[in-house]
Amino acid sequence: MTATLTPKDFATATPSWWCPGCGDFGVLSALKQAMAELGKQPKDVAFVSGIGCSGKISGYLHSYAFHGVHGRALPVASAIKLANRDLTVIAAGGDGDGYAIGAGHFVHAVRRNIDMTYIVMDNQTYGLTKGQSSPTSATGYVASVSPDGNPDTPLNGLALALAAGATFVARGFSAQPKQMVAMIKAAVEHRGFSIVEVMSPCVTYNKINTYAWFKENVEDVTAREDYAPNDRAAAFAALMREGDIPLGIIYKEDRPTFEDRTGLPETPIARLDLNAARERFTAMQAAYR
Amino acid sequence: MTATLTPKDFATATPSWWCPGCGDFGVLSALKQAMAELGKQPKDVAFVSGIGCSGKISGYLHSYAFHGVHGRALPVASAIKLANRDLTVIAAGGDGDGYAIGAGHFVHAVRRNIDMTYIVMDNQTYGLTKGQSSPTSATGYVASVSPDGNPDTPLNGLALALAAGATFVARGFSAQPKQMVAMIKAAVEHRGFSIVEVMSPCVTYNKINTYAWFKENVEDVTAREDYAPNDRAAAFAALMREGDIPLGIIYKEDRPTFEDRTGLPETPIARLDLNAARERFTAMQAAYR
Amino acid sequence: MILNSVEVMFGGQAGDGSLTTGDLIAGVFKRMGLEVYTYKDFPSRIRGGHTNYVIRASEHQNYGMADAVDALVAFDLEAVEAHIEEMRPGGFVVFDNTSETIPDDLRRDDVTWYEIPLAKIAKEQLGLELVRNTISLGVLGALIGMDPEIIRNDVRGVYQRKGEKVVDLNMRAIEAGESYVLEHFADRPSGYGLVAGDDGDRLIMMGNDAIAYGALVAGCRFMAGYPITPATDVLEWMSKQLPKFGGVVVQAEDELAAITMTLGAAFAGVRAMTATSGPGQALMTEAIGLAGVLEIPVVVIECARTGPSTGMPTKTEQSNLNHLIYSGHGEIPRVVLAPGTVHESFEIAVTAFNLAEKYQVPVFILTEQALCQSKATLAPLDVEAVEIDRGKLIDSGEVVFGEYKRFAFTEDGVSPRVIPGVPGGMHLAPGSEHNDAGVITENPRNRARMMEKRMGKLVSMRDDLPNAVLHGIADADIAIVGYGANRGPIAEAVQRLAAGGVLTRFLQLRTLWPFPEDDIRAFVRGAQHVFVVENNYTGQLMQLIRAVVGPLDALHGVRKYDGRPFRPIEIIDAVLETAGLTLRRAQGDIAQGDAAAEVV
Amino acid sequence: MILNSVEVMFGGQAGDGSLTTGDLIAGVFKRMGLEVYTYKDFPSRIRGGHTNYVIRASEHQNYGMADAVDALVAFDLEAVEAHIEEMRPGGFVVFDNTSETIPDDLRRDDVTWYEIPLAKIAKEQLGLELVRNTISLGVLGALIGMDPEIIRNDVRGVYQRKGEKVVDLNMRAIEAGESYVLEHFADRPSGYGLVAGDDGDRLIMMGNDAIAYGALVAGCRFMAGYPITPATDVLEWMSKQLPKFGGVVVQAEDELAAITMTLGAAFAGVRAMTATSGPGQALMTEAIGLAGVLEIPVVVIECARTGPSTGMPTKTEQSNLNHLIYSGHGEIPRVVLAPGTVHESFEIAVTAFNLAEKYQVPVFILTEQALCQSKATLAPLDVEAVEIDRGKLIDSGEVVFGEYKRFAFTEDGVSPRVIPGVPGGMHLAPGSEHNDAGVITENPRNRARMMEKRMGKLVSMRDDLPNAVLHGIADADIAIVGYGANRGPIAEAVQRLAAGGVLTRFLQLRTLWPFPEDDIRAFVRGAQHVFVVENNYTGQLMQLIRAVVGPLDALHGVRKYDGRPFRPIEIIDAVLETAGLTLRRAQGDIAQGDAAAEVV
Ligand SMILES: Cc1ncc(C[n+]2csc(CCOP(=O)(O)OP(=O)(O)O)c2C)c(N)n1
Ligand SMILES: Cc1ncc(C[n+]2csc(CCOP(=O)(O)OP(=O)(O)O)c2C)c(N)n1
Ligand code: SF4
Ligand code: SF4
Ligand SMILES: [Mg+2]
Ligand SMILES: [Mg+2]
């Protein structure tokens, strides 16, 4: 266990179910790389995913993996962290899973600020159900359920996170592994709820937001030397600016976590001796006499 | 029907179930006043509310009122508008109803931008269930379910709306009726989804955010002459600024509605003759021959 | 006069303090050595609206209301209008006539009327209208003979933290009430009396508190919940206690989060639960299926209220048994347990956690407003006797990766369960169908086998399920089946029917799923009449019984769906009428409410 | 050789175009005058993973698969491995041996093997590997005698919009396939033949399309939905069509929104529906209760798949009948209808909307993957015969405010229903219990009466519910009950058992709730054996039947829960085995799959 880890240590025997060229491959390998570089042990990693092509990722990371129901990865992951704070807890899922059916949990997981990481694999479509519009699809995006074009305004998940009080907000692109690895590492090391949105092209259904298109449109904000990722309003402005898609660590702040504010003991709850304190229990009955 | 209307025309015979002094009384009378001044006919108003003390408001406005399940006022109201675009559709509910269980629908109703109005009656607590913390309760707020103080960071619903692409965002205070009436009128007249958040004190459970407290902390942004409600980033900054609670129309923008983008016909769907187009139906079978 | 058996109803407007006074009365009765049961009937609003609080005292615990109200303390006319018909002939009414008077048509002449300007006295003599509650306490005490010392001690206990002035004010209020009775009604005895006995070593507890306490003792250290009447008590109780024992409570954003958080915590190895009521339970449906297929032990408390939809949120009903048993797409093993008393609420909470972990299934505890928000006196709860059985849990040491299979096929269908952190146990837990190692597969043979493995647990668990309790005479011709809050009124009806010469037997189900088919078959055998008593419209329990014994003519449904619990007489009458029987002793004698009450 | 009866299975990897080719084959069979049924078995992924498409052609419509596969077109070894056992002795396999070879243990010698380097030919002769599908079409055509002209016309039809080059390429592909057979297998006949007949005036349609089309014709003008397999087809179909008829479709953020939007639109007076599958249905539970108490007519389509939880999302099952009937807290009147054929899918969609509005209740249409995603040939659908009955809807004129009561107590429990915009009809529609005017009240008498009013509708609607269909011999000793996709295989089993000398009767239920108790009682009467055929583990339909007729020894469950639909022989065998019978004619003769097939 002391030997230094490599991405291989996080590989599973299960062959992936993704289409050749799917952006999700990039996310997976960056994640393995980051875990290895952080020296995490598979046994200490709890990895929770949603439902979707992206959601299948939990089957490909050697860890304690939980592939739950659509849109609920965050509550599951949040509770795992509270139940055993010694674990490194990561949740991952698609733009539909996280921003459509999961939008409510997303907002609340953000403001709860539990020490965990959430990776949104954004392909701007519902891949697994064959390419309908998702909350991040462009207005006018033509899909089976929006033959006349998606009538809605795309949702900016990271801006939403900022509004909900996020303490770590970053965006990557699955064709830029180095940056992704660095970002995921920073996110995991961040004390609190960290969100990393990764632009992860769906090569089968999304013919608009392709790798080529992204290469055209992404811009690394951290490159701009005038950019300081500690101003919420500025970060919001950067995210809202029409046109290019900012990449990098867009906002970061230190704030007490849910664990801090509830005074959660250092001993993981999962390690408590349930038979202790019997006499204290009995004593409690006095209140009912 | 041509006679000018008064708030009385929107009164119901049902006595209110609110506690004496509840902020919700102010919201109700402002709403009646606004409807009357706008010359709406009760028969043409669909009023949908959530569950909570606030949710009871639908029983007190003479109209076609729908008192549904907790957290779903917006989808119900959105569909009513699409089903009959001739109606004036208003949804109302509490901070728990709208920002906790209803948070996902809130975000999506905002980005869908259907022509309707949503009034959030914010008392920073769950009134009807006897005063637990709500998404807008201050961190540290002591309540039955958070005896050691609310560990979460309060949610800024209006900032969330801005991030989700809101086209009309305003905030009022139930002790300032004039401004509320003006705001509700502007909201209803806005073409698109308009949200009006009203600070509506719970005199029974919330001993922190009282009328007195609000009088201390609210500030009318529209008063500042340097404030222009057409800059999303500036509006976000104003809402996020620590300290005072901005009141007034904080942001406004004209953008095509869901109805525009889907080319929804002028004839309300509810008025269609279902027996028309029989031969067109038969012709469709050719595609299956 | 009637000794040691009285049902007091406190009636007024919500939020006027009658609940506090009701609790005080209950406490005094207990300290006088009597058995107490309380029932709250309040509206779904915070202030105003008719509310009433029933406190029943008797020599034996009946776990339910009597046939009728003996003493109505009415703070307004609405209370009289709403409940005058529920009064027992010979009972009495204390009425605050400060601002209202009793119209003749309501003035029943078979009850004694004590009209007292409570509010007036409170304002004029004591300077605070609110204390009329305490005055009424003095009045009631004087009328039925509640121990003046005990009253004063308890009142002091309640108001102490508010300072001596408040305590003193309330002392004078009691005084005022007592003396008013002496001065004005010396010649008008109430006909009821209490003989102070020994309180002994007893508790008085609410059903919800007993469940929460049981959960804590059973090792529950995580709870996620979303407030909803009548389940919020559990969330509140746990919020206060869990942190003291190293655990945590999360107030979730909704029930979808509450149940999935509960799954997450349980997956990580913590005994976890959530508590909700109908509407919230409906939202948890999908996740319960996930718990079933992932074989995660979770305990879900259902505090049932009146549906459908928002219905009558503060009223009682037994209308979601079907939901707990049948909801969800696909089939999973699940357990539904229903306590019938406060004591059983504690025991079943403990059992629920053991069953959940031993068989790795979701376990529902089904209770209802008339039980979970009702208080009752009971013997102390035996914490030492509680045993925690975590089943095939592997939370330490290590397992061999590759050999270890989380969903291994076994004799009893239960697979060894590792938790995150255990070396070698890494695996995928997928809501999709999977093989023994957790790998997703759609292979038909594996699928069939996995279904058999999971569902087989319903059979292997049989011997560990709470048994059904037989009340009454085992071989009586008349049989009654019921569960939950109806345990009280049915058992009382059985007792009183016997006293009246009609023998019956009553099977109180405590495990509702897997359905105790054998018990039902055996119990029904040879019965001339089988009455299925339940608080719903469609007869959900009846339907389950019919599937086991067939649609026998002997099966009769006794149902109530107006949001109110049964009173024993309703069951007695249903039995007698259907069976075409009359009581050997006249109804009046035994309609007394407490079978054990002596009639002097 | 076997004429006009063949079951072709196309097996390869998901996303390799075999679905298109399968559809083409189905079309050609139809145009040759044969009856067609198709079944898709694909994995829950987009590209890769074994998938197969079954196309069955016969002279009579069987609405299901045969006992075995006659012709397996295998694009890879995995397809052979997975299905070789399902092959009928005497059948044949077309195998692409470009890169793989058949191991001996798989090489059954009772089937004919045609090994062809399809991919190689495609790449080398035509320069595009993908066209191996079309080549295989030519191969299959030549082997079983599909009309070359029809093949070419249909292929042209499909590829036309892609331009002449593509069309031409595919023409040459067909050519290549045909000539390969001529050159290499002239001496090896497949043993199957088709005689081109008259297509006549028929359609070929998928179950989901028939439901969507029925809904449109029935006047549905609003749909809200959230994508989920296998229900997405309905959402997609409506998205294309509704806007053309003045309606609108909303892709909701989740199912909670989809169902509450549907309620909103219906409240406003529009015929509205949503469609989902198990997981989404679970999330709709709470809102269905609201529809019940508010008496709002909504139609909810359930396209069932394999549970629990994510289960096997693309496979079939009948495991959420219980959920549709029993889920939710509190009790509401609801209707569950289940079509058994594509034609019935259309009819029942129409009926559902009429029932929903006439009785102001939620109506579920229960279908399942093996029916809703299967195509079948059928006679044209009679649109003119469709009648729209909106019941007591008041959508024009005006009502007198104060007199009009939205929830008025009536004979049949149905109250006149105004929609927003109608003068005088203003009222509150609350999910809380209310009086006839919609005012919230917790009065016990009103409550009981309201429950009786709402639930009473289940009785008043009886005569309007789709009847159960009797198949087979009315007075046969052996009875079979089933519904949905099992209608096909059961009816075929009945036919073939008769041909074999064993008489049976089959009751196909189309209304599952309110449960047709009388029909069941009458049907079961006098039967020696009653087989209840269903695709689930616990026997949900069986449980319902037991509650009506009791747990008779004569009741036998025939169940399958591996995600795959029944094949007729499974039912035939179950019947014969349990009844201890054998067929007068040897099994082989009639196991032929199409009772009407001639055996030359
Ligand atoms: C409750 C529920 N509703 C719907 C579905 C069907 N479904 C599966 S994945 C998915 C969305 C996938 O989109 P996304 O989350 O963006 O993941 P992607 O496939 O694009 O990676 C949907 C709607 C489901 N499984 N459960
Ligand atoms: C699904 C569901 N969960 C919980 C409840 C219980 N409940 C009723 S109102 C309410 C919250 C009320 O808070 P808010 O929306 O802020 O309204 P307020 O009473 O403060 O005006 C809750 C949790 C419910 N009715 N339905
Ligand atoms: S469909 Fe799109 S998202 Fe899904 S695996 Fe294929 S490429 Fe990836
Ligand atoms: S509890 Fe609070 S919110 Fe509810 S009615 Fe009373 S004052 Fe208003
Ligand atoms: Mg996506
Ligand atoms: Mg509130």
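These numbers come from a predicted model, not from an experiment. Naming: A, B, ... by sequence-line order, numbering from 1 per chain.
- If you take CZ on B:F168 and OH on B:Y118, they are separated by 15.5 Å, rounding to the nearest 0.5 Å.
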Table up the donor-acceptor pairs between chain B and chain C that sit under 3.5 Å, atom names plus distance.
residue, atom, partner, partner atom, Å
B:K56, NZ, C:S44, O, 3.1
B:H70, NE2, C:Y226, OH, 2.8
B:I101, N, C:E253, O, 3.1
B:Y126, OH, C:Y226, OH, 3.4
B:Q132, NE2, C:E236, OE2, 3.4
B:S133, O, C:Q251, NE2, 2.8
B:S144, OG, C:E236, OE2, 2.7
B:V145, O, C:S239, OG, 3.3
B:T204, OG1, C:R47, NH2, 3.2

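- Heavy atoms closer than 4.5 Å to chain C are found in the side chain of B:I51, but not in its backbone.
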Criterion side chain to side chain contact (heavy atoms under 4.5 Å, CB included) on B:L61 and B:I57, from CA distance to verdict: CA-CA 7 Å; B:L61 186 84; B:I57 194 170; 5.8 Å; no
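- B:A100 and B:P135 make their closest contact through CB-CG, 3.5 Å (heavy atoms, listed as atom of the first residue, atom of the second, distance).
- B:H62 and B:T12 get closest at one heavy-atom pair: N-CG2, 3.4 Å.
- Options B:P151, B:C19, B:C22 differ in how many heavy-atom pairs under 4.5 Å they form with chain C, and the most are formed by B:C19.
- The minimum heavy-atom distance between B:A91 and B:L74, with the atom names listed, is CB-CD2, 4.0 Å.
- Contact annotation for C:P243: only side-chain heavy atoms (C-beta onward) come within less than 4.5 Å of a heavy atom of chain B.
- Proximity to chain B (any heavy atom under 4.5 Å) is shown, for C:P279, by neither the backbone nor the side chain.
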Verdict with supporting geometry, C:M223 and C:V234, side chain to side chain contact (heavy atoms under 4.5 Å, CB included): CA-CA 10 Å; C:M223 176 176 186; C:V234 179; 3.9 Å; yes
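- Side-chain contact check for B:L31 versus B:F47: some heavy-atom pair is nearer than 4.5 Å.
- Aromatic ring centres of C:F75 and C:F10 lie closer together than 6.0 Å.
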